[in-house]
Number of protein chains: 2
Amino acid sequence: MGRPTVTDIAREAGVSLATVDRVLNARPGVRAKTIAAVQEAIARLGYVRDMAAANLARGRSTRVALLLPDTESQFIQTLEDALAQAAALATSARMQVDLLRYPAADLHRLAAMLAELAAGGISGVALMAPETPVVRDALRALHAADIPVVAMVSDLPNCGAAHYVGIDSHAAGRTAGVLMGRFLGGRTPRVMVIAQSMLLRDSIERRRGFDAVMLADFPGVTVGQTLETHGVADTLRQVIREALRSDGPVGGIYLLGSGHRALVQVLTELNLLGRVVTIGHELTPHTISALQSGWLDAVIAQNVGHVARSTLRVLQAKADHQPINESQERLRLEIILRENLPQAL
Amino acid sequence: MGRPTVTDIAREAGVSLATVDRVLNARPGVRAKTIAAVQEAIARLGYVRDMAAANLARGRSTRVALLLPDTESQFIQTLEDALAQAAALATSARMQVDLLRYPAADLHRLAAMLAELAAGGISGVALMAPETPVVRDALRALHAADIPVVAMVSDLPNCGAAHYVGIDSHAAGRTAGVLMGRFLGGRTPRVMVIAQSMLLRDSIERRRGFDAVMLADFPGVTVGQTLETHGVADTLRQVIREALRSDGPVGGIYLLGSGHRALVQVLTELNLLGRVVTIGHELTPHTISALQSGWLDAVIAQNVGHVARSTLRVLQAKADHQPINESQERLRLEIILRENLPQAL
DNA sequence: TCATTTTTGAGGTACGCACATCATTTTGGC
DNA sequence: GCCAAAATGATGTGCGTACCTCAAAAATGA
């Protein structure tokens, strides 16, 4: 005897197949007493619905859209690659994935794209986007239309997002703080914090976490205010030079977002490369090679492959109205050193 | 138009459904020319076989066995829990999982169990076991019977194992080494290395990795020889006391395997708790609470949930004669500090 | 060219489930 | 106890694929 099927339940519960079907799919027109009897039989037999067969019968081939900003960042590119790879695999599980980019500078366009998708009959959307009123309204419209929304990498609370796939940015900042403090090894120099921009929710939370740990556990270390580079290498060079003119030696640098390549360049010019504890975020070809060279001491990252697969799994579960396996979807905050660099991205 | 089906291929290739079926399932009696035509149609339409429907039609419900030692270790228990949870989910994907324990001290019994399983018609086996001749022979017999074998946590090369699910132990030791060296922060005290036993492949490789890094990057630090406790708390107490009597202060302890609880106890007695850099392996309730209390500085771990799910996925893929998605199955070596402890195991 | 073998076609059944329709039974209100 | 409403049963079809049988066609050898 193999696993029990709907037929077994019907026999066991003393009802017809039609009734079992009504109970299983929460269709109306069944007395509470009958529902209980069927569920009791399900429990007794240990029945587990064959989701593959169910989806096959439904003939439903989920279509979802994934939206990323068109930023020229290696992290975004890495994430897109991971999403594309996961999407290719999802095809064999009856899921069609549209991978789209939106202009990072034009969030109205993003909102328009979301509206189009909603009209085009899509069963789920996942995106990485800043939380602005325009975006929020667009996402709320999706929510109202019963289209599940998944936030990737950067959370979107108060937008009706059904799920967040990404790591806790505050914890990421705290972790960066501990590593910085411990890698300084008792020394109490100044530490510089550099960011492209402090508009993004992630950067702000990371900074908060970093400060909390430094203040509490390494009170001797002076942490400077956040230097914003706006993605311009010259600005970066200038702010670093300026900061170095201030009193006290700089012993550590915390890079909140991207910009590793420019930083390495500036540090080379200033002959500081490898002489300063440097901690950054996200695994990209740049950060990997910087770790290998010893220019970067640690990277706090999230597994983009996991982000991609988790995103698709969550969207599939939402489309099936299935519960989400929280423990599988919880992303771990990863600490990457030269010694535990993954062999391949 | 949804995704292409076998019918579409038949039409596109100008052959019948039966012929497409023969090609897809590598059945004999088709001319090479016809095979090429069908495959060309498959490529042109981008056909991807619906594995769910295929398995449904096959009526095949994969049955696999998972074997763990009956060791009273929290890590083994944690792993078993993760496997049980993954198994419960796998049920809805037509997979039946038998979760078994074998006496750790009696590997002949393990070999006998494996032989029984082979005779009982099972489609795959995963196990965590030491690599002894008895085990090797038993696994080779499985391999000869075309039953795929997956090694969990501890690798089993030269046993015909189809796959290894676990982290690179040498890299784990190297990582522990860097953390130890850096957390010592320039100080050069003695470092103690403690293990339950050095018979297990993992412990040996970890030690090798640890030594390699300490020697190369932190040459001032003296690393003692491995102290074996054989799982006895008293022995642990004794070896630590003895080691402390030697000259030079002990600044770090590297715990290769389990035994965290006993170590904390001994360190408490000696008033060394929290005053020595301590690094261990694997996330268990004990190590988690030790991290939270600050008694443990870092843990090198593998995600047991990932181990469990990966094991089942690999077994499923092997049973379906499907290729394995290497990037998804590659386990990351995780560094856990108090700051990035997962909220739940 | 004929006989033989090989290749191909046509069609059916099954897997476990969803969903639909219509007939039949049971229930509750009065 | 009658009737309408609600609940349940019976039955069929289809999802995409595997696997089987038998007939028909094509290729091959002599």
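All values below come from the heavy atoms of this structure, side chains included, with hydrogens, waters and symmetry mates left out.
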Query raised in the report: At what distance, to the nearest 0.5 angstrom, does CG of A:Leu127 lie from CG of A:Leu66?
Result: 9.5 Å

Requested in this report: Drop me the distance from A:Ile122's CD1 to A:Asp98's CG, to the nearest 0.5 angstrom.
Outcome: 5.5 Å

Nearest whole Å is fine: how far is [N] [atom2] from [X] [atom1]?
{"X": "B:Asn55", "N": "C:dC15", "atom1": "CG", "atom2": "P", "answer": "15 Å"}
{"X": "A:Arg58", "N": "C:dA20", "atom1": "CZ", "atom2": "C1'", "answer": "15 Å"}
{"X": "B:Asp50", "N": "D:dG14", "atom1": "CG", "atom2": "C1'", "answer": "14 Å"}
{"X": "B:Arg11", "N": "D:dG16", "atom1": "CZ", "atom2": "P", "answer": "12 Å"}
{"X": "B:Arg3", "N": "D:dC15", "atom1": "CZ", "atom2": "P", "answer": "14 Å"}
{"X": "B:Tyr47", "N": "D:dG16", "atom1": "OH", "atom2": "P", "answer": "10 Å"}
{"X": "A:Leu24", "N": "C:dA20", "atom1": "CG", "atom2": "P", "answer": "16 Å"}
{"X": "B:Leu56", "N": "C:dA14", "atom1": "CG", "atom2": "C1'", "answer": "9 Å"}

Checking all strands, does [X] fall into the base, sugar-phosphate, or nothing category for heavy-atom contacts under 4.0 angstrom?
{"X": "B:Gly59", "answer": "nothing"}
{"X": "A:Ala18", "answer": "base"}
{"X": "A:Asp21", "answer": "base"}

Below 4.0 angstrom from OP1 or OP2 of [N], is there any side-chain N or O of [X]?
{"X": "B:Arg49", "N": "D:dT17", "value": "no"}
{"X": "B:Thr19", "N": "C:dG9", "value": "yes"}
{"X": "A:Arg31", "N": "C:dT27", "value": "yes"}
{"X": "A:Arg22", "N": "D:dA7", "value": "no"}

Requested in this report: Would you tell me whether A:Gln85 and B:Gln328 have side-chain atoms, one donor and one acceptor, within less than 3.5 Å of each other?
Outcome: no

Query raised in the report: Distance only, no hydrogens: is a donor on one side chain within 3.5 Å (strictly under) of an acceptor on the other, for A:Asp81 and A:Gln77?
Result: yes

What's the closest nucleotide to the [X] side chain, out of [options]?
{"X": "B:Val15", "options": "C:dC19, C:dG9, D:dC19", "answer": "C:dG9"}
{"X": "A:Arg27", "options": "C:dT7, C:dC19, C:dG9", "answer": "C:dC19"}
{"X": "A:Ala54", "options": "C:dA18, C:dG16, D:dG16", "answer": "C:dA18"}

Query raised in the report: Taking the nucleotide of DNA chain D with the closest heavy atom to each, which residue, B:Lys33 or B:Ala57, is nearer the 5' end?
Result: B:Ala57

**Report entry** Nearest-nucleotide 5' precedence on DNA chain C, B:Pro28 against B:Arg94
**Finding:** B:Pro28

Query raised in the report: Is any NZ, NE, NH1 or NH2 atom of the basic residue among B:Glu326 and B:Arg330 found under 4.0 Å from an Asp or Glu carboxylate oxygen of the other?
Result: no

Query raised in the report: So do A:Phe75 and A:Val304 actually touch side chain to side chain, heavy atoms under 4.5 Å?
Result: yes

Report summary line: Partner of D:dA30 under the Watson-Crick or G-U wobble criteria, both distances under 3.5 Å, comes out as C:dT1

